[in-house]
Amino acid sequence: MASNSTKSFLADAGYGEQELDANSALMELDKGLRSGKLGEQCEAVVRFPRLFQKYPFPILINSAFLKLADVFRVGNNFLRLCVLKVTQQSEKHLEKILNVDEFVKRIFSVIHSNDPVARAITLRMLGSLASIIPERKNAHHSIRQSLDSHDNVEVEAAVFAAANFSAQSKDFAVGICNKISEMIQGLATPVDLKLKLIPILQHMHHDAILASSARQLLQQLVTSYPSTKMVIVSLHTFTLLAASSLVDTPKQIQLLLQYLKNDPRKAVKRLAIQDLKLLANKTPHTWSRENIQALCECALQTPYDSLKLGMLSVLSTLSGTIAIKHYFSIASGNVGSSPRSSDLVRLAQECCYHNNRGIAAHGVRVLTNITVSCQEKDLLALEQDAVFGLESLLVLCSQDDSPGAQATLKIALNCMVKLAKGRPHLSQSVVETLLTQLHSAQDAARILMCHCLAAIAMQLPVLGDGMLGDLMELYKVIGRSATDKQQELLVSLATVIFVASQKALSAEVKAVIKQQLESVSNGWTVYRIARQASRMGNHDMARELYQSLLTQVASEHFYFWLNSLKEFSHAEQCLTGLQEENYSSALSCIAESLKFYHKGIASLTAASTPLNPLSFQCEFVKLRIDLLQAFSQLICTCNSLKTSPPPAIATTIAMTLGNDLQRCGRISNQMKQSMEEFRSLASRYGDLYQASFDADSATLRNVELQQQSCLLISHAIEALILDPESASLQESGPTGAAHADSEYERRMMSVYNRVLEEVDSLNRKYTPVSYMHTACLCNAIISLLKVPLSFQRYFFQKLQSTSIKLALSPSPRNPAEPIAVQNNQQLALKVEGVVQHGSKPGLFRKIQSVCLNVSSTLQSKSGQDYKIPIDNMTNEMEQRVEPHNDYFSTQFLLNFAILGTHNITVESSVKDANGIVWKTGPRTTIFVKSLEDPYSQQIRLQQQQAQQPLQQQQQRNAYSRF
């Protein structure tokens, strides 16, 4: 249990291991490089990639690569090969080499060796460095020269280097193109070398003329050398060149279709299909109706299942893109042509019941995509075909637990979810098919089918009640063995039951689930089910499951984590007893809930560790506590209209002040404070949203809904009580237009719309404040709290992990020491950073650019105050940089005209591909001491000395008067 539960919320805490000093680590490896034993030298060389990963800053990487270059220069060929491998593994760190000239000079010296193997390794090394030395003419010359070598190893290395330089340098590509062309067409060049030279032409896409000449050469090759290997290599290079240069893609599609149709060799047909799939993925918009029609005809005519499978995979890829709409929009324009009679549909219908599972799966996918994308057509027959095809595929694959059958089943189930979403009237039959098949399927298939049912029920909650009976029957008869598949199935089925039951679990359902779990010894399974219960808002069930796990963990941190989850579930369970119009019981329910929340937050704080501080969880719970307290305070404020009515002179005061709201007495000020508090909470939820760069979309939507709840109540207070005339709905956030993806979101949106309607109906009536207004506010609070809170995935599990590491220079040896700078000079602050990822980089969103904000504040002054321009007193700068290979660097010029100690703060935030800014941190601080420059100090001292006699004279004159 302990080992498994770490996965849930200690997902990617790999950065916290204790770090040695970077210089010490480098010195340790340097010692190995200087060793007299070859084994120790090799071991030191191969450990460099790990060093680069741990300390990815230029100052260390530059030193390390220079040491490796020395080893390359003086070592033997085996050591050179090791250095080459390290360079290739550390490709993304190459641009951090500061002394590129010195590094390349040491490497390049080996090119003049008499040993062809040493020259070959050097050429490969230069090829691997092409990204940082693309325009080095001596490297270009060496590669051209080595292509004419008589040593095969050296020629192959030159081909590798030529390919790499062609990809990076336009000049080299233009210069080498004719040389490659001569070698390929030359009779003296061996065929195997020609096959290695041809792929270089894929990089000739730097301009249109170069691409055109490369394309002509490839056209000649395809025609002149009809052997299978030559045609395959030439066609594939042709495709890659077309995909990069973009302009020739339609011609390339036609050429590939021509070979697919006319060439009798299966190997060539397979290559054509593979390249068509590549172009279908990359440029689906370039496919014309004629192209798709030709591919359909080939698929209908071919007798080979393997080729038919390939062609259908291309068509199924295209069917999910704009190409399919284009195909049918043109088809429908032709006289006598309808979607049902097209070759594409005929092919898909034929393949739906094919004895090859893969062909059947692609046929069904094509039908599903056509049915969903062509909404305006009357495709009743196609819908039926798609449903029947899916049903037959489901029956076929659910009885087989082989990997191939499972992959096919996943395709079929994805199609079912898509069909249910696109054509809701088909969802009932899809669900019934799944439930029927669930009883007789293999365990592996059952798990996938449960995921499918849960996805459909989330989209269409109306189907949930119909599922529950079948699901409960199945839950009673499974789970007798403790195999992994059975455990997974228990979790999947429980999830579907939670989704299907929607509002709350009945006592019978809870009893069945608990009874099954008691016979299962695996605590991890129980935890996963409890987690799903928390996510779906079934907090009473979750509390009991967390309680049962408390004694099964081996670490106090895990104990406190589970205990905090139990307390949070108990706290949310207290809110289920809320009833509208009963405000005193609402106050007691909220007070009871807060008691358990405070216990839970103490336990959660104890569960956090330096490696895993649980910052999101703590902040989310603190905000929930503050929100509940704000709700409680607002109900009390509303009640005070009855318990503490306005004084008799309130009307007079209101007339005197010209503020009609003062007729209500003290409630007006309390309402104003309450509104400010809700706005502050909304702002804090916004900050939490911005700090959660790694969160999944469902978690972010949950945080957004909490923020909208706060804005809704603040808007209601303003519209009903404080300022009915000017209150607007613009900043209240919630609208019913967005499509809700979960039951929790649907219920919250329903509450928002109902509250807004009530507020709108009471707005500008019964002024200034009546009991109807306060009742509306209290009912709004109770309605919001009656929707059970959903604890989403990011609360338990971190699937993506992204962090930024900053290094500032100059930096002091001791962090507490300030950096000395003269006040008439500017400090050039260099900020370098590295983006570090967990096991799944870019799963939800990727970093597009990093925003660096530098600000300075004066900590303490030294010396006299001088009149200094306001511009020189503060530094506030911002720069955006785009990371390249997860590294970025920039510089700031800072002015410290005021003498004293200044505090410089560098804060980073990131912008994703959608332009959204996320406050990820980190925040780094250094101190600068601004000193007076010697020249100014000398002049000031001279002026002081000159003024002293004058002051003494004035004093004597003053004394003489008395």
Side-chain angles (χ1 to χ4, degrees), residues 1-18 523 527 530-531 533-535 539 542-543 545-575 590-632 677 680-681 683-695 699 702-703 706-707 789-798 801 803 919-923:
M1 169 69 192
S3 65
N4 276 328
S5 59
T6 56
K7 294 178 192 172
S8 60
F9 65 97
L10 300 177
D12 279 311
Y15 307 131
E17 54 191 78
Q18 193 169 2
Y527 174 71
R531 200 169 67 183
S534 293
R535 186 178 159 210
H539 297 293
R543 181 177 72 86
L545 296 179
Y546 290 133
Q547 178 71 50
S548 69
L549 289 171
L550 282 176
T551 55
Q552 295 185 38
V553 286
S555 150
E556 65 174 13
H557 290 297
F558 297 146
Y559 170 83
F560 285 125
W561 167 248
L562 288 171
N563 190 51
S564 66
L565 293 177
K566 183 202 77 172
E567 298 292 357
F568 299 151
S569 299
H570 199 166
E572 286 299 326
Q573 191 187 343
C574 293
L575 299 174
I590 293 173
E592 189 73 7
S593 176
L594 281 168
K595 182 179 79 175
F596 290 112
Y597 258 122
H598 283 298
K599 283 184 185 178
I601 192 71
S603 195
L604 186 64
T605 309
S608 61
T609 63
L611 295 186
N612 189 45
L614 301 177
S615 50
F616 172 82
Q617 291 87 336
C618 289
E619 186 59 28
F620 185 79
V621 172
K622 281 176 187 170
L623 280 168
R624 181 67 174 171
I625 290 171
D626 290 348
L627 181 61
L628 289 175
Q629 285 175 334
F631 281 155
S632 177
E677 191 173 354
S680 165
L681 280 169
S683 172
R684 284 171 61 193
Y685 270 117
D687 292 341
L688 179 64
Y689 184 100
Q690 283 193 308
S692 307
F693 178 78
D694 293 319
T699 304
N702 194 358
V703 173
Q706 304 307 312
Q707 182 187 25
L789 181 69
S790 171
F791 290 95
Q792 290 291 340
R793 183 193 288 275
Y794 193 59
F795 196 85
F796 302 95
Q797 197 177 24
K798 197 174 183 180
S801 180
S803 64
K919 294 176 182 174
T920 54
R923 189 186 179 97

Taking all non-hydrogen atoms of both residues into account, name the closest pair between [X] and [Y] and its distance.
X    : Y    : answer
T699 : R793 : OG1-N, 3.7 Å
C574 : E592 : SG-CG, 3.6 Å
Q552 : G523 : OE1-CA, 3.9 Å
C618 : P613 : SG-O, 4.5 Å
N563 : L550 : N-CD2, 3.5 Å
Y597 : I625 : CB-CG1, 3.7 Å

Which value, rounded to the nearest 0.5 Å, describes the distance between [X] atom [atom1] and [Y] atom [atom2]?
X    : Y    : atom1 : atom2 : value
Q792 : Q797 : CD    : CD    : 12.0 Å
L627 : I590 : CG    : CD1   : 9.0 Å
D626 : S680 : CG    : OG    : 8.5 Å
T920 : D694 : OG1   : CG    : 9.0 Å
I601 : F620 : CD1   : CZ    : 11.5 Å
T609 : L614 : OG1   : CG    : 7.0 Å

* Derivation and outcome, side-chain contact (heavy atoms from CB on, under 4.5 Å), residues S593 and L628 -> CA-CA 8 Å; S593 176; L628 289 175; 3.7 Å; yes

* To do: Please test Y527 against L565 for side-chain contact (heavy atoms from CB on, under 4.5 Å), starting from the C-alpha separation and ending with a verdict.
  => CA-CA 11 Å; Y527 174 71; L565 293 177; 4.1 Å; yes

* Begin from the C-alpha positions of K599 and H570 and carry the test side-chain contact (heavy atoms from CB on, under 4.5 Å) through to its verdict. => CA-CA 10 Å; K599 283 184 185 178; H570 199 166; over 6 Å; no

Got [X] and [Y] here, is their nearest side-chain heavy-atom distance under 4.5 Å?
X    : Y    : result
V553 : W561 : no
Y689 : Q707 : no
F596 : F568 : no
R624 : Q706 : yes

* Asked: Using a distance-only test with no angle check, is there a side-chain donor-acceptor pair under 3.5 angstrom linking Q617 and Y794?
  ->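 Absent: no donor and acceptor within the cut-off.
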
* **Worked check of salt bridge (Lys or Arg N to Asp or Glu O under 4.0 Å) between E619 and K622** => CA-CA 5 Å; E619 186 59 28; K622 281 176 187 170; 5.0 Å; no

* Trace of the side-chain contact (heavy atoms from CB on, under 4.5 Å) decision for K798 with F616 -> CA-CA 11 Å; K798 197 174 183 180; F616 172 82; over 6 Å; no

* Asked: Counting only N and O atoms by type, is there a donor-acceptor contact under 3.5 Å from the side chain of S603 to the main-chain atoms of F560?
  ->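 Yes, because the side chain of S603 sits within donor-acceptor range (under 3.5 Å) of the backbone of F560.
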
